[in-house]
Number of protein chains: 2
Amino acid sequence: MRFQKTTEYAIRVMVFLASYPEQRFSVNVLHKKLNIPYKYLGRLMHTLSQTGMVEVEQGKHGGYKVNSNLDKIYLYQVIGAVEGLENYDRCILGFPECSDENPCPLHKAWLERREAIKEMIYNTTLADLTVNTQ
Amino acid sequence: MRFQKTTEYAIRVMVFLASYPEQRFSVNVLHKKLNIPYKYLGRLMHTLSQTGMVEVEQGKHGGYKVNSNLDKIYLYQVIGAVEGLENYDRCILGFPECSDENPCPLHKAWLERREAIKEMIYNTTLADLTVNTQ
DNA sequence: ACTTTATTCTACCTACGTATGGTATATTTA
DNA sequence: TAAATATACCATACGTAGGTAGAATAAAGT
């Protein structure tokens with residue numbers, strides 16, 4: 001019961017970028033600041049840039065910068081961009097036929113907790129998550 | 001954010017066995033009833049038997065049977081036997097230095113939800129999870 | 001204008017863990 | 001002895017994580 005590493009990386013990067021919304025960072029700098037493997041991060045940033053959550057500039061002095069609309073970028077979007085959101089509507093025991101009408105024995109208990117997590121990721125924006133460590 | 005498949009399998013099996021606490025089942029029967037790959041399930045059952053949560057009998061007409069103390073077998077034990085419990089005390093962003101004193105920006109929100117999940121797995125026993133589909 | 005430099009982008013390649021299957025052997029008991 | 005099952009070991013598939021190499025891009029230096 002945990003995020004994929006890639007998802008952790010993605011949220012870490014986005015939180016960092018959101019903390020310096022005017023600045024542009026190269027992959028190399030992000031790699032050093034956030035302790036994420038350089039090449040892996042490169043591909044991740046490319047993926048994130050394609051969703052529009054970060055803006056990219058190529059060439060010398062290029063790099064990545066968060067999209068200015070911090071309060072429009074939700075955690076669920078970051079998670080959805082990397083590991084998807086299927087798990088948040090899934091039976092915890094993997095029963096395909098599990099539903100409110102035909103519940104598995106953990107259905108209700110898990111539903112409540114899962115909804116609390118969804119409430120978190122669907123209501124938290126990057127504007128809520130800035131962190132200044134400078 | 002999900003269980004490993006193996007963890008799902010383990011809980012499925014334990015819930016099934018707990019529903020027929022007097023009966024002994026062969027791997028082959030469990031495999032067919034629960035739609036879990038035969039060979040994989042064999043090893044999983046062996047693992048589970050070593051924790052004492054299920055009792056094993058070999059030979060013709062042998063098989064697995066849940067330990068009779070249904071109300072003493074907690075969900076966290078089943079989860080711990082397969083994928084471990086480390087993730088339930090882990091920073092959601094993977095910051096090693098994250099703590100109550102030095103929280104990551106998601107610390108408090110995640111802590112509350114994570115504790116709700118822990119509350120579930122530490123308070124639910126197999127006695128709460130029987131299901132009769134016969 | 002040409003070259004160098006710093007950067008992203010793209011396409012493979014490697015490592016590793018989880019999930020799964022195959023085959024052989026050991027154990028029990030009808 | 002034979003059938004049913006457990007146990008052990010080896011092989012395969014697959015997804016995630018991480019690395020290598022070079023092409024494309026764009027700025028800066030000459």
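Any value given below was found using the heavy atoms of this structure, including those in side chains, with hydrogens, waters and symmetry copies removed.
Aromatic ring orientation, B:H31 versus B:Y38: perpendicular (interplanar angle above 60°, classes split at 30° and 60°). A perpendicular orientation is assigned to the rings of A:F25 and A:Y20, their planes being inclined by more than 60° (bins at 30° and 60°). Aromatic ring pairs are classed by plane angle as parallel below 30°, tilted from 30° to 60° and perpendicular above 60°; the pair A:Y9 and A:Y40 is perpendicular.
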Inset, instruction - Indicate for each nucleotide in nucleotides 3-11 of chain D, in 5' to 3' sequence, whether protein heavy atoms under 4.0 Å reach the base (B), only the sugar-phosphate (S), or nothing (-). - result: -BSSBB---
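By the 4.0 Å N-to-carboxylate-O rule, A:E8 lies too far from A:K5 to be salt-bridged with it. Taking the charged nitrogens against the carboxylate oxygens, A:E57 and A:K65 have no contact shorter than 4.0 Å, which rules out a salt bridge.
Following rounding to the nearest Å, A:I36 (CD1) and D:dA17 (P) show an atom-to-atom distance of 12 Å. For the pair A:R2 CZ and D:dT16 C1', the computed distance is 11 Å after rounding to whole Å. If you take CG of A:L44 and P of D:dG19, they are 14 Å apart, rounded to a whole angstrom. Atom CE in A:M1 sits roughly 17 Å away from atom C1' in C:dT18 (whole-Å rounding). The distance between atom CZ of A:R24 and atom P of D:dT25, rounded to the nearest whole Å, is 18 Å. Between A:E55 atom CD and C:dT8 atom C1' the separation is 16 Å, expressed in whole Å. Put simply, CD on A:Q4 is 14 Å from C1' on D:dC14, counting in whole angstrom units.
The shortest heavy-atom contact between A:E55 and A:R24 is O-NH1, 4.2 Å.
Close to C:dG22, at under 4.0 Å from its OP1 or OP2, lies no side-chain N or O of B:Y40.
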